[in-house]
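To keep things clear, I will list the structure first and then write my remarks on it.
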Number of protein chains: 2
Amino acid sequence: MRSLAARLGVSAMTVSRALNDRPGVAEATRRRVLGAAAALGYRPDRRASRLRAGAPAGLVGLVVTSLADPVMSALTAGVERACAENAARVIVASSNSDPAAESGLVADLRARGVDGVVVVPAGADHAHLRAGQRGGGPLVLATSPPAGLAADCVLVDEVSGAHRACRQLFRQGHRRIGFLASTRSWAGSERLRGHILAHDEAGVPVDERLVRQPREDAHSARSAARELLSTGDDAPSALLAADFPSLVAVLRTVGARPGSRPPAIVGFGPARTDLAPFPLTMVSPDSVALGRAAAQLVFEPRAPGSTAPRQIMMASSLVGPSTRLAHAVAPPRIG
Amino acid sequence: MRSLAARLGVSAMTVSRALNDRPGVAEATRRRVLGAAAALGYRPDRRASRLRAGAPAGLVGLVVTSLADPVMSALTAGVERACAENAARVIVASSNSDPAAESGLVADLRARGVDGVVVVPAGADHAHLRAGQRGGGPLVLATSPPAGLAADCVLVDEVSGAHRACRQLFRQGHRRIGFLASTRSWAGSERLRGHILAHDEAGVPVDERLVRQPREDAHSARSAARELLSTGDDAPSALLAADFPSLVAVLRTVGARPGSRPPAIVGFGPARTDLAPFPLTMVSPDSVALGRAAAQLVFEPRAPGSTAPRQIMMASSLVGPSTRLAHAVAPPRIG
DNA sequence: CTGTTAGCGCGTTCAC
DNA sequence: GTGAACGCGCTAACAG
């Protein structure tokens with residue numbers, strides 16, 4: 001910049017004013033400066049300006065557990081869009097579900113001067129994130145309620161999603177509705193609450209034999225699915241496969257028994273009703289909207305310590321075989 | 001930092017040295033500084049250090065056409081991992097397939113001091129990216145060969161992928177193999193080249209009636225698929241559905257004709273052989289590896305003007321009904 | 001309208 | 001072993 005100023009015989013200040021459309025520059029001078037800047041391919045270094053001005057960096061950090069996960073990439077897309085609308089960019093990083101890496105990444109992002117951080121936490125406890133709350137902008141949790149620290153968060157209303165799905169099954173005449181998922185995670189336990197809520201509402205007692213809570217891995221899900229579905233006449237006519245391993249296990253189990261009438265299956269997650277050769281309903285969160293909301297919380301921080309942490313609940317929608325899928329999500333592309 | 005130094009009665013310099021494990025600090029002083037820094041929750045501002053040192057920012061820009069696209073998120077994951085291994089972070093931005101936005105984003109990233117940029121270009125011509133090549137680190141193109149500028153790039157070997165897929169079909173006894181895809185895109189035309197190559201190799205002439213080149217939209221793909229598949233006795237017994245709209249069109253067309261024996265179908269893109277109720281083979285790029293390779297080109301730039309631009313070809317793999325899918329990609333997660 | 005001074009938070013280069 | 005001065009690229013706050 002100085003060299004540019006020298007070349008034009010003006011001061012650096014004038015160049016700065018001209019480039020930023022500030023008042024106090026003659027029109028002729030401005031044109032000269034802009035022309036020379038374009039000719040030399042000069043681009044101001046925004047880092048230095050922010051530094052001087054003490055202005056926000058226009059940078060938001062995003063720490064996810066896995067970038068390959070479709071839920072995460074939708075969330076990333078939402079954060080990115082909200083940031084773009086605020087002239088900010090996103091730094092993404094993946095913790096690979098390691099809490100230690102997670103807090104390390106938050107610290108690194110802070111040191112890079114981000115205006116705030118959105119974190120999809122790996123574990124259930126978030127005490128390790130407390131250090132990341134001091135000294136920078138807001139820290140917002142996504143898809144998980146804060147535990148062990150006070151922070152804003154954006155959640156999916158899992159209770160309501162499971163509740164509505166289950167209610168629809170009752171309306172369709174089902175009376176024996178199974179539930180299959182780990183309830184060690186927040187989402188799983190919330191979904192079970194919704195399941196029970198719908199039963200209470202319908203006046204149907206919850207048959208405990210139809211509620212299975214395997215660990216969140218493929219193996220225990222598979223055996224739990226087998227048990228649940230082989231109860232003979234007592235077998236459920238419909239079921240909520242309320243986490244991903246459970247859904248896969250149910251689809252495999254049912255798929256391995258051609259001929260017998262499959263139960264109505266409700267899954268949770270990104271809408272991919274084409275997954276199964278038989279009717280499948282999904283309770284699908286709008287993860288793009290969730291990401292947007294999380295970024296909004298970064299841009300509109302609450303006064304520190306003023307009020308209780310905010311909590312935003314995002315509704316999820318039932319996407320069934322009959323539902324026409326709006327193309328909210330871009331179709332997979334071929335490279 | 002100054003306040004910290006004042007509080008300890010030392011100079012800012014000593015603090016700087018202590019924090020960076022530089023020699024020339026008494027062990028006692030160092031411990032005092034580190035202790036105080038931890039107590040006050042002080043974190044050095046890396047932006048300022050980089051500014052002073054003129055050092056690389058440890059930041060790589062990534063411009064994709066759409067973040068929701070699974071190919072893009074895999075690519076992003078690859079770039080992120082390679083960067084993490086080099087103590088760098090990734091700024092992601094989406095151009096939404098708008099070339100103007102694309103070059104704007106590259107300029108913005110440059111102004112933010114990134115060490116290099118990886119771009120998945122929206123269009124076929126890239127002349128608008130030339131401005132983004134000056135004055136920063138390398139600009140690397142991903143999934144598309146440079147046109148209108150000289151730049152390093154990382155590509156998927158589409159010719160070879162289509163070639164191998166087609167050869168496998170010949171081995172399986174097929175003689176009438178169709179091709180369906182837009183060839184206006186680089187990938188599409190390359191795939192057609194592979195298709196032809198395999199025919200030459202097998203000594204089977206290419207039947208032009210079996211090669212359809214619709215535009216890259218759902219509608220023209222659908223009608224082209226109908227035409228191709230309703231040729232009566234001349235109908236192909238196998239076909240390459242070589243872009244995403246074509247694959248969907250073929251699956252729908254075949255799915256709408258239960259009873260008749262479906263042709264063998266080869267798709268291109270992320271491996272999701274569960275898409276169809278009948279056997280489906282996919283030619284799948286390893287987009288994570290592609291992202292890694294692109295980031296590597298950023299970290300190991302060639303001397304400017306020294307040699308011709310580098311071009312890296314990534315092999316893609318055939319994933320068939322019989323192929324066991326390695327879980328290279330994390331399974332979809334439920335919230 | 002334009003130029004000068006000062007300083008953002010840090011590191012290098014010298015002196016002490 | 002430690003500190004003072006200077007500068008990175010840029011811009012508020014004042015001069016002129």
Side-chain angles (χ1 to χ4, degrees), chain A residues 1-34 36-37 40-59 87 107-115 134-137, chain B residues 1-34 36-37 40-59 87 107-115 134-137:
Chain A
M1 174 156 122
R2 292 222 220 288
S3 64
L4 198 157
R7 195 182 302 256
L8 274 83
V10 294
S11 84
M13 205 50 241
T14 307
V15 176
S16 169
R17 283 196 267 253
L19 258 42
N20 295 11
D21 273 338
R22 297 306 208 59
V25 184
E27 190 51 35
T29 318
R30 161 166 301 150
R31 306 185 82 87
R32 273 207 314 151
V33 172
L34 292 175
L40 273 75
Y42 167 79
R43 305 228 122 242
D45 184 337
R46 295 250 232 105
R47 292 180 298 174
S49 9
R50 313 267 202 192
L51 175 58
R52 174 64 184 110
L59 224 40
D108 180 76
L109 292 172
R110 282 266 126 96
R112 287 172 184 275
V114 297
D115 306 332
R134 286 191 308 245
Chain B
M1 175 158 121
R2 290 222 220 288
S3 64
L4 199 157
R7 195 181 303 256
L8 275 88
V10 295
S11 84
M13 207 46 248
T14 308
V15 177
S16 170
R17 283 197 266 252
L19 258 42
N20 295 7
D21 273 336
R22 296 306 210 62
V25 184
E27 190 52 35
T29 318
R30 162 167 300 150
R31 305 185 81 88
R32 275 207 311 151
V33 171
L34 292 176
L40 274 74
Y42 169 79
R43 306 225 121 247
D45 184 338
R46 296 240 236 132
R47 293 182 295 174
S49 6
R50 314 268 202 194
L51 173 58
R52 175 65 184 102
L59 224 39
D108 179 77
L109 292 172
R110 282 264 126 97
R112 288 172 183 276
V114 296
D115 306 330
R134 286 191 308 246

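The figures that follow rest on heavy atoms only: side chains count, while hydrogens, waters and symmetry mates do not. Order of the sequence lines sets the chain letters (A, B, ...), proteins ahead of strands, with each chain counted from 1. Predicted, not measured: the structure shown is a model, and the values here were computed from it.
Heavy atoms of other residues, nucleotides or ligands lying less than 6.0 angstrom from CZ of A/R43 number 12 at most.
Checked by atom type and distance alone, the side chain of A/R30 never pairs as donor or acceptor with a backbone atom of A/D21 at under 3.5 Å.
Contact between the side-chain N/O atoms of A/R52 and the OP1/OP2 oxygens of D/dC8 is not found at any separation under 4.0 Å. Within the 4.0 Å cut-off from OP1 or OP2 of D/dG9, not a single side-chain nitrogen or oxygen of A/R50 is found. Close to D/dG9, at under 4.0 Å from its OP1 or OP2, lies no side-chain N or O of A/Y42. For the OP1/OP2 pair of D/dG3 and a distance below 4.0 Å, the side-chain nitrogens and oxygens of B/S11 include at least one atom meeting the criterion. B/R2 has no side-chain polar atom (N or O) that falls below the 4.0 Å cut-off from OP1 or OP2 of C/dG7. The side chain of B/S16 contributes an N or O atom lying less than 4.0 Å from OP1 or OP2 of C/dG11. Residue A/T14 has no polar side-chain atom (N or O) positioned under 4.0 Å from OP1 or OP2 of C/dC1.
Counting any heavy atom pair closer than 4.0 Å across all strands shown, A/G9 reaches sugar-phosphate atoms only and no base atom. Among the protein residues, A/R30 comes within range of no part of the nucleic acid, since none of its heavy atoms lies under 4.0 Å from any strand. A/P44 comes within 4.0 angstrom of the backbone, heavy atoms only, and of no base.
Between A/A37 and A/L19 the shortest heavy-atom distance is CB-CD1, 4.4 Å. Contact detail for A/D115 and A/A57: the closest heavy-atom pair is OD1-N, 2.8 Å. In terms of heavy-atom proximity, A/A18 sits nearest to A/V25 at N-CG2, 4.1 Å. Taking every heavy atom of both residues into account, B/A111 and A/D45 meet most closely at O-OD1, 3.7 Å.
If you measure from atom CG of A/L8 to atom P of C/dT2, you get 12 Å, rounded to the nearest angstrom. One interatomic measurement links the two molecules: CE of B/M13 to P of C/dC16, which rounds to 18 Å at whole-angstrom precision. Between A/R47 atom CZ and D/dG9 atom P there is a gap of 10 Å when expressed in whole angstrom units. Here C/dC10 presents its C1' atom at 16 Å from CZ of A/R112, a figure rounded to the nearest Å. One atom, CG of A/D45, and another, C1' of C/dC8, lie 13 Å apart when rounded to the nearest Å. The interatomic distance linking A/R22 (CZ) with C/dG3 (P) rounds to 17 Å, in whole Å. The distance between atom CZ of B/R32 and atom C1' of D/dT2, rounded to the nearest whole Å, is 12 Å. At whole-Å resolution of the value, CG in B/L19 and C1' in C/dG9 are 13 Å apart.
Proximity note for B/A26 (side chain, C-beta onward) versus D/dG9, C/dT13, D/dG1: the nearest is D/dG1.
With hydrogens and angles left out, the side chain of A/R17 and the base of C/dG3 share a donor-acceptor pair within 3.5 Å.
For A/L51 and B/V25, each mapped to the nucleotide of DNA chain D holding its nearest heavy atom, the one lying further toward the 5' end belongs to B/V25. Each of B/T29 and B/A48 lies near DNA chain D, and the nucleotide nearest B/T29 is the one positioned closer to the 5' end.
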